[in-house]
Amino acid sequence: MNVIDSRPYELLIGERWRAGAQGRTFDTLNPATGRVLAQVHEATEADVDAAVLAAHEAYQAHWRKTTPAERGRLLRRLAALFERDREKIAWVETLNVGKPITHSLDSLKAMPSSLEYFAGIIPAVRGETIPVGNHNVLNFTIREPLGVCALIMPWNYPMTLTVNKLGPALAAGNTVILKPSEVTPLSTMVLARLFEEAGFPPGVVNVVNGPGSTVGERLVTHPLVSRVSFTGGTVTGSRIVASTAADVKRVTLELGGKSPLIVFEDAPLEQAVAVAAGDLIKNSGQVCIACTRLLVQESIKREFLDRVQERLDAIRIGSPEDPATEMGPLVSAAQKQRVEKYIRIASEEGARPVQYGSLSGVVETGFFVKPTLLMDSQARMQSAQDEIFGPVQSVISFRDEDEALRIANDSRYGLAAVLFTRDGGRALRMARGIQSGSVAINTGVRTSFDAPFGGYKQSGIGKERGLEAIYENTQLKNVKYDMSV
Ligand code: NAD
């Protein structure tokens, strides 16, 4: 399937597809080969201003006055078009992100349902009446949209993250500017072509491409942007908080993680092995909720690790385009260098890196790294504390429940945690004690569009997805009316 344009991808601003004001383009690569895949027009600050203005005008002129039924109809139409083009979008992600095609297809399967879900919960954008103690006073709330929202994405799951931000933002009555990662912009550009066909008025959704330091920074500091929804690294998130502080903007941050997978001696081992190995290789470990600290009770450590290693030895690393491939490359040369640097650091601080699988079938210029377990890690090692964002897990042993909980919480992150045990009481004690936004018991963490998701500690602020996403995308007004006058 030929899914990549030979002409540079343009920006979507208001009703027009256009080149950046200075006519500059940048390359985006195929990580499996390291070669240029396509060119993309780069927005200037003036282009960002134009996109924000288009979104603002669309919001003021008509979008904020649309009925729930109108917004619902457009979102459902977009869902149908997404389903029609899902395979194409999946191939674009595979070529641009390096995800195995089976994984791209699988991760996009729920996207039409996500859009339909947010179309369906538009009626939740409503207020209530409050009995305030004065019979003559009618006190009620109105839930209102925020206006122009900037939705800023990272490179690891461009499409699922975009759709899960876009649905609730539009459902709540906001207009948006999408800012894909400059590393993986292509799938968003394919999605962007569907807005007009779905019937969205010009300006309701705009797309700008380019570096975070110019395009992203201009977007988040623009006075007409009232909400920033950002998914990316914690350092960038912290910078966005600082940049938006002066204007006191609404900010939702979905940031990094270093999630623990805790395996007790009474664990259903088969499932625990599948989740441990699966998290290591899925999207080459470039998953924010991936469990990258493997906490194993001492008494079963040998058996558990033998089984994980058996699985990893059989891993098929190769071209993301091959349906038999289980693990592809990392997204970029920079990410590959980062992962290799952390494997060296782990070794220097006393852990024992062991690698699995074979790279014999891969293109040499691709950004491949073998899945790696850092055996004999300690909780306080830098390699066990920093987010590496690659196919690397620190293996740490523990003696009992108290120690497991202490190690699990010994992190500046708090995105997710997974635990395996057949002891229901222990599972619930741990679930309550763990400081993270998601906990999965006897299964892996898999986010879904209809359940709230967000981090504790330095993993983020606010919740996206589920009903909470509507609250995040709206503001509440309290109105008081004295009926005796
Ligand atoms: P990143 O922070 O480098 O970039 C993310 C986005 O922010 C990009 O679009 C970038 O252009 C933009 N950006 C950079 N500087 C900016 C600025 N000053 N102002 C505005 N925008 C700016 O992250 P990344 O390397 O693309 O993605 C990897 C990170 O994303 C990892 O830390 C991972 O954990 C995190 N992530 C988190 C979640 C979650 O839901 N919590 C999901 C996926 C990825």
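The first residue of the sequence shown is numbered 1, and numbering continues consecutively from there. Start at 1 and go down the list; that is how both ligands and their atoms are numbered.
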Option among [options] that satisfies the side-chain contact (heavy atoms from CB on, under 4.5 Å) test with [X]:
{"X": "Gln458", "options": "Lys258, Arg412, Glu387", "result": "Arg412"}
{"X": "Pro185", "options": "Leu178, Asn209, Val208, Val207", "result": "Asn209"}
{"X": "Phe230", "options": "Ile461, Leu255, Thr252", "result": "Leu255"}

Run the numbers for me: atoms of ligand 1, each under 4.0 Å from some heavy atom of [X], listed by number.
{"X": "Gly216", "value": "19 (N), 20 (C), 21 (N)"}
{"X": "Thr231", "value": "5 (C), 36 (N), 37 (C), 38 (C), 39 (C), 40 (O), 42 (C), 43 (C), 44 (C)"}
{"X": "Glu217", "value": "17 (C), 18 (N), 19 (N), 20 (C)"}
{"X": "Leu161", "value": "43 (C)"}
{"X": "Ser181", "value": "9 (O)"}
{"X": "Gly256", "value": "32 (O), 34 (O)"}
{"X": "Arg239", "value": "18 (N)"}

Within 45° cone and under 6.0 Å: Lys99 NZ/CZ vs Tyr157 ring: yes

For ligand 1, is there an N or O atom under 3.5 Å from any N or O atom of [X]?
{"X": "Lys179", "value": "yes"}
{"X": "Gly233", "value": "yes"}
{"X": "Thr236", "value": "yes"}
{"X": "Ser459", "value": "no"}

Give me the nearest non-hydrogen protein atom to [atom] as residue plus atom name, then the distance to 0.1 Å.
{"atom": "atom 17 (C) of ligand 1", "value": "Gly212 O, 3.5 Å"}
{"atom": "atom 31 (C) of ligand 1", "value": "Glu387 OE1, 3.4 Å"}
{"atom": "atom 6 (C) of ligand 1", "value": "Met153 O, 3.3 Å"}
{"atom": "atom 42 (C) of ligand 1", "value": "Cys288 SG, 3.0 Å"}
{"atom": "atom 35 (C) of ligand 1", "value": "Gly232 O, 3.2 Å"}
{"atom": "atom 27 (O) of ligand 1", "value": "Pro154 CB, 3.2 Å"}
{"atom": "atom 11 (O) of ligand 1", "value": "Glu182 OE1, 2.6 Å"}
{"atom": "atom 7 (O) of ligand 1", "value": "Phe230 CE1, 3.1 Å"}

Would you confirm whether any non-hydrogen atom of the protein falls under 4.0 Å from atom 4 (O) of ligand 1? no

Can we say [X] and [Y] salt-bridge, meaning some charged N sits less than 4.0 Å from an Asp/Glu carboxylate O?
{"X": "Arg18", "Y": "Glu15", "result": "no"}
{"X": "Lys249", "Y": "Asp247", "result": "yes"}
{"X": "Glu217", "Y": "Arg239", "result": "yes"}
{"X": "Arg193", "Y": "Asp5", "result": "yes"}

Quick one, Ser104 with Thr94, criterion side chain to side chain donor-acceptor pair (under 3.5 Å). Give me CA distance, side-chain angles, the key distance, then yes/no. CA-CA 6 Å; Ser104 292; Thr94 283; 2.7 Å; yes

When you look for heavy atoms under 4.0 Å from ligand 1, do you find them on the side chain of [X], its backbone, both, or neither?
{"X": "Ile152", "result": "side chain"}
{"X": "Asn156", "result": "side chain"}
{"X": "Gln286", "result": "neither"}

Any atom of ligand 1 sitting under 4.0 Å from a heavy atom of [X]?
{"X": "Trp155", "result": "yes"}
{"X": "Pro180", "result": "yes"}
{"X": "Gly460", "result": "no"}

Sub-4.5 Å side-chain heavy-atom contact between Ile281 and Leu312: yes

Quick one: does any side-chain atom of Thr325 pair with a main-chain N or O of Ser319 as donor and acceptor, under 3.5 Å? yes

In terms of relative ring orientation, are Trp63 and Phe200 parallel, tilted or perpendicular, with 30° and 60° separating the classes? tilted

My understanding is that we take every heavy atom of each candidate and find the minimum distance to atom 37 (C) of ligand 1. Doing that for Ile240, Asn164, Leu255, Leu415, which one comes out nearest? Leu255

Count the heavy atoms belonging to other residues, nucleotides or ligands that lie under 6.0 Å from CD of Glu196, then report whether that count exceeds 12. no

Stepwise, does the side chain to side chain donor-acceptor pair (under 3.5 Å) test hold for Asn96 with Ser187? CA-CA 8 Å; Asn96 201 195; Ser187 53; over 6 Å; no

Ser229 and side-chain hydrogen bond (donor to acceptor under 3.5 Å, both in side chains): which single residue from Glu254, Arg250, Lys165 fits? Lys165

Minimum heavy-atom distance between Pro145 and Tyr59, given as atom pair plus value: CG-OH, 3.5 Å

